Protein chains: 2
Amino acid sequence: MAKITTSSTRASRLRQRSLERREAERVRLRDELLAVAERLLQENGYAGFSLRQVAEATGYTPTTIYRYFDDRDALLKTVISKWFTTFAREQEAAYRSASSPRDRLMAMAAAYLRFAVEHPAVYRVMFLERMDIGLLPGGDSFEKDPGFGVLMRAVTELRDAGGTGELDPMAAAMALWVGLHGVAAMAVCSGILDGIGAERLGMLVTANTLSGLAGQ
Amino acid sequence: MAKITTSSTRASRLRQRSLERREAERVRLRDELLAVAERLLQENGYAGFSLRQVAEATGYTPTTIYRYFDDRDALLKTVISKWFTTFAREQEAAYRSASSPRDRLMAMAAAYLRFAVEHPAVYRVMFLERMDIGLLPGGDSFEKDPGFGVLMRAVTELRDAGGTGELDPMAAAMALWVGLHGVAAMAVCSGILDGIGAERLGMLVTANTLSGLAGQ
DNA sequence: TGACTATGGTAACACCATTAACCAAAAGCG
DNA sequence: CGCTTTTGGTTAATGGTGTTACCATAGTCA
């Protein structure tokens, strides 16, 4: 009886280890697929990122990817969602880097453009080419996104300090955002801003918008 | 002698007519290809517009299109260049619709957003997805584009009226444009602005930028 | 051991742009 | 008129894409 029990637990331990190895290998391959997909996306852009290339780079066949992701969009979505987290973290860091509402917003604007300029292909997918992917809460609840939640917080503080008159914080935040988005879109889509400097123009636009809001 | 001459001119006239018919048929088919390509682009967007579909819709084979255009990009470029002309005409009309620099810029902003909202797929290709296509003069000479030339004119007039301080008109025009572009990009890429109203936000952003510029 | 499942691969379908080879008809010309 | 060349279309093929159905092997577990 004791012998049988021992043997049984030993077998179950072996089985357990095997399961763990399998599971570890599974997440390892999944992570590798994600890493390769991210690299290809940054190198070749959205259009130049294909399942076949991901498969080729990892030494598997394209169909294998379907064991780990529903389809191309699901893979892309997983890659991009990590970037949304990074984006939010950087915005929060910029928020904390200053104390006055105005300085905070200027720091966040600088961080916003830095993100776009440093990761142009990623920015394109996030905010231009695949905005439909649904990682940004749409409609009137987009402030639920962590990255824009901190923007809303800063803008609300600015209003409480009397910096936006009676204007709806949502509208004020939008006004600030679209200016940055315009600069960023220009920067990542064309060379038009190369000579001007996206950061410089972004600071000008943001400062303008802030003083415009102050006059409301 | 006279007879021969007559016969010769008659033959040459027939030949001339034949040439004209051929030429007319050639431009007709070319125009049909352009019209179908434009329609498909507006219906399906840039990604969903293919030579095969254009060929299918016109009753020809895909290869025939290569007799009239170098490749897919050349066809797209021809379609889009007509839209740049339309865009410039609308901007000029907006410019003429008001008399003061400020009113002119507000009217142009409204026209800009109307263009984007009414032709979202076209706007996307022109200013987001295929800005590389080279129809906008790049670098520091982008004011050579007719549509932005009139913007530069209006901004220069605004400066002469004391509306932008000593700020470079180019920078001021950029500041105005990127705000609109941000709103437009948001409008054509997502439903985020559906509840807010792109035109309303665009007017707010433009008014903000103008009052910000006035404080320079 | 035998059934079941998980994870890979193969082959195929349906698209896509692009190119080469080809062919009929028209144009040009002696 | 008859010959050659050019024009305007075709078919066939190359190489790329996402995606699916099916198969084989190996591991899990009764």
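Chain A is the first sequence line, chain B the second, and so forth, proteins listed ahead of strands; every chain is numbered from 1. None of the values given here were measured: they were computed from a predicted structure. Side-chain atoms are counted along with the backbone in the values below, which use heavy atoms only and exclude waters and symmetry mates.
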Do we see a donor-acceptor contact under 3.5 Å between the side chains of Tyr112(A) and Trp177(A)? yes

Is there a side-chain contact between Thr64(B) and the phosphate of dG8(D), meaning an N or O under 4.0 Å from OP1 or OP2? no

Gap between atoms CG and C1', on Asn44(A) and dG16(D) respectively (whole Å): 14 Å

Find out whether Leu136(A) and Phe148(A) are in side-chain contact, i.e. whether some heavy atom of one side chain is under 4.5 Å from a heavy atom of the other. yes

Can a side-chain donor-acceptor contact be found between Tyr46(A) and Arg124(A) if the only test is distance below 3.5 angstrom? no

Flag for Thr78(B)-Ser81(B): side-chain donor and acceptor within less than 3.5 Å: no

Sorted by chain and number, sequence neighbours left out, side chain to side chain donor-acceptor pair (under 3.5 Å) with Tyr95(A) holds for Arg104(A), Glu157(A)

Output the rounded distance in Å from CZ (Arg67(A)) to C1' (dC22(D)). 11 Å

Could you tell me whether Ile65(A) contacts a base, only the sugar-phosphate backbone, or nothing, with contacts defined as non-hydrogen atoms closer than 4.0 Å? nothing

Could you state the CZ-P distance from Phe69(A) to dT7(C), rounded to the nearest angstrom? 13 Å

In this structure, how many angstroms lie between the C1' atom of dC16(C) and the CD atom of Glu56(B), rounded? 14 Å

Mind calculating the distance between CZ (Arg28(B)) and C1' (dG9(D)) to the nearest angstrom? 14 Å

If I take atom OH in residue Tyr60(B) and atom P in nucleotide dT11(D), what distance separates them, rounded to the nearest angstrom? 14 Å

Every protein N/O lying under 3.5 Å from an N/O of nucleotides 3-7 of chain D:
from   : atom 1 : to       : atom 2 : distance (Å)
dT7(D) : O3'    : Arg22(B) : NH2    : 3.4

What nitrogen or oxygen pairs link the protein and nucleotides 17-21 of chain D at under 3.5 Å?
from    : atom 1 : to       : atom 2 : distance (Å)
dT17(D) : OP1    : Ser50(A) : OG     : 2.9
dG18(D) : OP1    : Leu51(A) : N      : 2.6
dG18(D) : OP1    : Arg72(A) : NE     : 3.4
dG18(D) : OP2    : Leu51(A) : N      : 3.3
dG18(D) : OP2    : Arg52(A) : N      : 3.3
dG18(D) : N7     : Arg52(A) : NH1    : 2.4
dT19(D) : OP2    : Tyr66(A) : OH     : 2.8
dT19(D) : OP2    : Arg72(A) : N      : 3.0
dT19(D) : O5'    : Tyr66(A) : OH     : 3.0

Taking the side chain as C-beta and beyond, is there a heavy-atom pair between Met131(A) and Met126(A) under 4.5 Å? no

Taken to the nearest whole Å, CZ/Arg30(B) to C1'/dG8(D) is 15 Å

Assess the side chains of Thr64(B) and Thr61(B): does a donor N or O sit below 3.5 Å from an acceptor N or O? yes

Before you tell me yes or no, could you show the steps for Leu75(A) and Leu34(A) under side-chain contact (heavy atoms from CB on, under 4.5 Å), namely the whole-Å CA-CA distance, both residues' side-chain angles and the distance that decides it to 0.1 Å? CA-CA 7 Å; Leu75(A) 173 59; Leu34(A) 282 172; 3.7 Å; yes

When the distance from CG of Leu33(A) to P of dT7(C) is rounded to whole Å, what number comes out? 13 Å

Ionic contact status for Arg28(B) with Glu25(B), cut-off 4.0 Å: yes

